[in-house]
Amino acid sequence: MAKTPNKLKARLPRGFVDRSAADIRATDEMIGKIREVYEHYGFDPVETPLFEYTDCLGKFLPDTDRPNAGVFSVQDDDEQWMSLRYDLTAPLARHVAENINEIQLPYRTYRAGYVFRNEKPGPGRFRQFMQFDADSIGAPGVQADAEMCMMFADTLDALGLKGQYIIRVNNRKVLDGVMEAIGLGGDENAETRLTVLRAIDKLDKFGTEGVKLLLGEGRKDESGDFTKGAGLNADQIEKVLFFVSITSYAESAEALAELVAGSENGRSGVAELNDIRALVESAGYGEDRIKIDPSVVRGLEYYTGPVYEAELTFDVTNEKGEKVVFGSVGGGGRYDGLIKRFTGRDVPATGFSIGVSRLMTALKNLGKLSSSSEVQEPVLVTVMDGDIEALGRYQKMTQTLRAAGIRAEMYQGNWKKFGNQLKYADRRNCPLAIIQGSDERAAGEIQIKDLIEGKRLSGEITDNVTWRESRPAQHSVKEAELVATVRQLLDQQAEDTRRQNGDN
RNA sequence: GCAGACGUAGCUCAGUUGGUUAGAGCGUCGGAUUGUGGCUCCGAAGGUCGGUGGUUCGAAUCCACUCGUCUGUACCA
C-alpha cells in the first residue's frame with residue numbers, strides 16, 4: 001500500500017495534557033471535597049470566562065502596547081488585546097468592580113477553573129492547570145485573613161492531609177519593614193528589593209548558604225550558569241538571614257519588632273501577624289497547622305498585607321522514585337489595591353488559591369486518591385445474533401439493567417467474532433458479561449459470566465480446550481432473574497474488593 | 001531566556017572504527033479455536049533512524065542548523 005507522503009502529525013502542544021478518565025474522576029472528587037468546605041464556610045460560587053481584556057488583567061508591558069509574554073494573547077476584531085486568564089484573582093477583581101453596586105459586601109466567593117501561563121513547562125508544571133480559589137471581598141480586618149488560613153487548613157484536612165501540611169503566614173509589610181531597616185527603602189532600591197525577595201523565596205530550594213550567595217555576589221548552578229546576586233554587604237545579609245531563619249515566631253517576635261523598629265510598615269505588619277496568631281490560636285489552630293513564618297514570600301506584585309501558603313510536610317517522590325522538592329500547593333494573601341484600580345475606591349480583599357493539579361500529584365503519591373478501580377465498569381451485554389430482531393432483544397436487556405441502576409452497555413463492535421466480545425469486556429475490566437444465544441433463548445435462560453472470578457480461575461487452567469469448555473464462573477439463570485442475579489454478583493464482587501483492600 | 005544531556009517500530013531499548021536489505025523484547029493484528037477472555041504455538045503488519053542541509057564512494061553513526069524531550073538555572077505577574 002502506498003504511503004501517504006505527508007501524513008499530518010498528531011501532536012499535543014507542549015505543556016498541555018490530555019486527561020484520562022481516572023484523572024477526571026479523581027479531580028472531580030477532590031473538587032467536590034474542597035467545595036464542600038468552602039460552602040460550609042458560607043462561600044458562594046461565581047464563574048468568569050477564560051478570556052479577559054488584557055488591560056483588565058493588568059498584563060500590558062509598561063512601555064510597549066503588547067501584552068506580557070507570560071500570557072497567551074490574541075487580538076479581537078477591533079484589535080483590542082485579549083488574554084487567557086493566568087490566575088483567578090484578576091478576573092474576580094474585574095467581576096466585582098463591574099458589579100460593585102449589586103454585590104453585597106463583604107462578598108464571600110469561590111470558583112474553580114483552568115488558568116494558563118505561557119512559561120517553560122516541566123514535570124508537574126503545565127501551561128494549563130486548575131486552580132480552586134476562595135476570596136473575601138470587602139473585609140478589611142485581619143480576622144478575614146485568619147479565617148482564610150483556617151479554611152485553607154480545614155480544606156487540606158478534608159482532603160485527607162491531616163497533620164501533613166503547614167500553613168505558613170507572613171506579611172508583606174514586615175518584609176517591607178526589613179528592607180527599610182537595611183537601608184533598601186525608597187523607589188531607587190526597588191530592583192534590589194525584588195532581587196532580595198526572590199533570594200528569600202529560594203530558601204527551601206538552596207538552603208541558607210545558597211540564599212547567602214544570592215544576597216551577595218551571586219551563585220553558580222550545576223550546569224555552570226551564573227546567577228547575579230543582590231550585592232548586599234555582610235551586615236545587610238546577616239540581618240536578612242536572621243529574619244528568614246526565624247523558626248519560632250513566638251520566641252523571636254521581640255527581636256523582629258526591634259529589627260523593623262524604625263519602620264511604620266514593619267511595626268504594623270508585626271502587629272497584624274500577632275493578631276492573626278492570636279485569632280487562629282483561640283479558634284483552636286496550633287502552630288502545627290498555621291504558623292507564622294517570616295521566610296514566606298509570594299505574589300510580589302499585588303499583595304499588600306498578610307500572605308500565606310500551604311506546604312506539604314511529607315516527602316513527595318516522582319514516578320522514578322526520586323525525592324522531589326514539591327514547594328507549595330497553594331497560597332494567597334491580601335490584595336487591597338486590586339479592585340481600586342477599577343473603582344477608584346478602596347475595596348479590601350483577601351483570598352487564596354489551591355493548585356488543584358499540583359495537589360492531585362501529591363495526593364496520588366500519598367495514595368489518598370481513590371483508585372479508578374472504585375468506578376464500576378459497565379456490565380457487557382454480548383451479541384450472538386446480529387439481525388434487527390435479536391439486536392432489539394439485547395438492547396432491551398441492556399435497558400432493563402440500566403433501568404435497575406446498573407451501568408451496562410451492549411457490544412457495538414463486530415458481533416460475529418464472539419471471542420472478541422469477551423476480550424473487549426476483559427480489557428475494559430467489565431465485571432460481568434451477559435450471554436444469550438439461541439440455545440439459552442430456547443430455554444428462556446441467560447448466561448451471566450463473572451469475568452473477575454473467571455480471571456482468577458484462569459490461573460489454574462493451562463490447556464485451552466478445558467478453559468473453553470468448562471466455561472468458568474458462568475451462571476445460568478431464568479430471564480426473569482437477570483437483574484437480581486446481576487446485582488447480587490456485583491455486590492459480591494464489591495464485597496470481595498473491599499475485603500482485599502482491607503487486608504492489604 | 002541561558003547551560004548541559006538525549007531523540008532508532010505503538011512502548012522499552014540494541015545497532016561494532018562510517019560498510020550489504022536497521023534488529024530484539026513487549027504490545028497490536030490475523031490464524032490454530034465459524035458460541036467463550038487467560039496460557040501456548042504459527043504468521044503478519046509496523047521505520048524517510050526527529051527534521052533540513054553538509055562531509056564522504058558510502059551516514060542511524062561525523063559536522064552545522066533546527067524542532068522536540070529531559071536536567072539545572074532564570075522568569076513565574
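Remember, predicted model here, so these are calculated numbers, not experimental data. The sequence lines fix the lettering, A, B, ..., with proteins before strands; numbering per chain opens at 1.
Rounded to whole Å, atom P of rG37(B) lies 13 Å from atom NZ of Lys455(A). In this entry the distance linking CZ of Arg427(A) with C1' of rU36(B) reads 15 Å, nearest Å. For Lys202(A) and rG72(B), the NZ to P distance is 14 Å, given to the nearest whole Å. The NZ-C1' distance, from Lys449(A) to rU36(B), rounds to 5 Å in whole Å. Note: CG (Asn420(A)) to C1' (rU33(B)) measures 12 Å, nearest angstrom. Arg441(A) places its CZ atom 16 Å from the C1' atom of rG35(B), with the value rounded to the nearest Å. Atom-to-atom, CG of Asn118(A) to C1' of rC75(B) comes out at 12 Å; the value is rounded to the nearest Å. Atom P of nucleotide rG1(B) and atom CG of Asn68(A) are separated by 15 Å, given to the nearest angstrom.
Residue contacts for Glu440(A): at a heavy-atom cut-off of 4.0 Å it reaches a base atom on one of the strands shown. Across all strands, Ser438(A) comes closer than 4.0 Å to base atoms (heavy-atom distances). Heavy atoms of Lys416(A) sit under 4.0 angstrom from primed sugar atoms or phosphate atoms, though from no base atom. If you check every strand for non-hydrogen atoms under 4.0 Å, Gln447(A) touches nothing. Looking at heavy-atom distances under 4.0 Å, Thr462(A) makes contact with a base. At the heavy-atom level, Tyr335(A) lies nowhere under 4.0 Å from the strands shown. Base contact: Asp439(A) has a heavy atom under 4.0 Å from a base atom. Among the protein residues, Lys228(A) comes within range of no part of the nucleic acid, since none of its heavy atoms lies under 4.0 Å from any strand. Nucleic acid contact for Asp450(A): base, since at least one base atom lies under 4.0 Å from a heavy atom of the residue.
Across all strands shown, rC6(B) forms a Watson-Crick or G-U wobble pair with rG68(B), both key distances being under 3.5 Å. Across all strands shown, rC57(B) forms a Watson-Crick or G-U wobble pair with rG19(B), both key distances being under 3.5 Å. In this structure rU34(B) sits in no base pair that meets the Watson-Crick or G-U test at under 3.5 Å. In this structure, rC49(B) makes no Watson-Crick or G-U wobble pair, since no nucleotide meets both defining distances under 3.5 angstrom. Searching all strands for a Watson-Crick or G-U wobble partner of rU73(B) with both distances below 3.5 Å returns rG1(B). Base pairing of rC11(B): its partner is rG25(B), meeting the Watson-Crick or G-U wobble criterion (both donor-acceptor distances under 3.5 Å).
rC2(B) and rA9(B) are spaced 29 Å apart, taking the P atom of each and rounding to whole Å. A gap of 42 Å separates the P atoms of rG46(B) and rA3(B), to the nearest Å. rG47(B) and rA24(B) have their P atoms separated by 15 Å, with the value rounded to a whole Å. Going from the C1' atom of rG43(B) to that of rG7(B) covers 32 Å, rounded to whole Å. Rounded to whole Å, the P atom of rG68(B) lies 16 Å from the corresponding atom of rG50(B). Here, rG19(B) and rG30(B) have their C1' atoms 37 Å apart, quoted to the whole Å. For rC65(B) and rG1(B), the P atoms lie 16 Å apart once the distance is rounded to whole Å. As rounded to the nearest Å, rA45(B) and rU61(B) have C1' atoms that lie 28 Å from one another.
Taking the six-membered ring where tryptophan is involved, the planes of Tyr302(A) and Tyr335(A) are perpendicular, since the angle between them exceeds 60° and thus also 30°. Relative orientation of the Tyr110(A) and Phe132(A) rings is tilted, given thresholds of 30° and 60° on the angle between their planes. Note on ring orientation: taking the six-membered ring where Trp is involved, the planes of Phe16(A) and Phe116(A) are tilted (angle from 30° to 60°).
Phe129(A) does not carry Arg358(A) over the face of its six-membered ring by the limits of under 6.0 Å from the centre and within 45° of the normal.
Residue Tyr86(A) and nucleotide rA77(B) are classified as a stacked aromatic pair, their ring centres being separated by less than 5.5 Å at an interplanar angle below 30°.
Remark: the Gln421(A) side chain and the rU36(B) base include no donor-acceptor N/O pair separated by less than 3.5 Å. For a distance-only test at 3.5 Å, the side chain of Glu469(A) fails to qualify as a donor-acceptor partner of the base of rG35(B). For rG72(B), the base has a donor-acceptor partner in the side chain of Lys120(A) [N/O atoms by modelled type, under 3.5 angstrom].
Using a 4.0 Å cut-off between charged side-chain N and carboxylate O, Asp426(A) and Lys455(A) make a salt bridge. Taking the charged nitrogens against the carboxylate oxygens, Asp385(A) and Arg441(A) have no contact shorter than 4.0 Å, which rules out a salt bridge.
Residue Pro121(A) is the one, among Pro121(A) and Arg125(A), whose nearest nucleotide of RNA chain B lies closer to the 5' end (criterion: closest heavy atom). Mapped onto RNA chain B by nearest heavy atom, Val465(A) and Glu119(A) fall at different nucleotides, with Val465(A) at the one closer to the 5' end.
Within the structure, every side-chain polar atom (N or O) of Trp467(A) is placed at least 4.0 Å from both OP1 and OP2 of rU36(B). Within the structure, every side-chain polar atom (N or O) of Arg468(A) is placed at least 4.0 Å from both OP1 and OP2 of rG35(B). For Lys417(A), a side-chain nitrogen or oxygen approaches OP1 or OP2 of rG31(B) to under 4.0 Å. Taking only side-chain nitrogens and oxygens, Arg198(A) comes nearer than 4.0 Å to OP1 or OP2 of rC75(B). A sub-4.0 Å separation between OP1 or OP2 of rU73(B) and a side-chain N or O of Lys205(A) is present. Taking only side-chain nitrogens and oxygens, Lys423(A) never comes nearer than 4.0 Å to OP1 or OP2 of rU33(B).
Residues Thr382(A) and Trp415(A) have side chains not in contact (no heavy-atom distance under 4.5 Å, counting atoms from C-beta outward). The closest side-chain heavy-atom distance from Asn171(A) to Val307(A) is not below 4.5 Å.
Of the candidate nucleotides rU36(B), rA74(B), rG68(B), rG68(B) has the atom nearest to the side chain of Arg14(A). In the set rA74(B), rG35(B), rC76(B), the nucleotide with an atom closest to the side chain of Arg117(A) is rC76(B).
Considering Glu479(A), Gln447(A), Glu445(A) in turn, Glu479(A) is the only one that fulfils the side chain to side chain donor-acceptor pair (under 3.5 Å) rule with Gln436(A).
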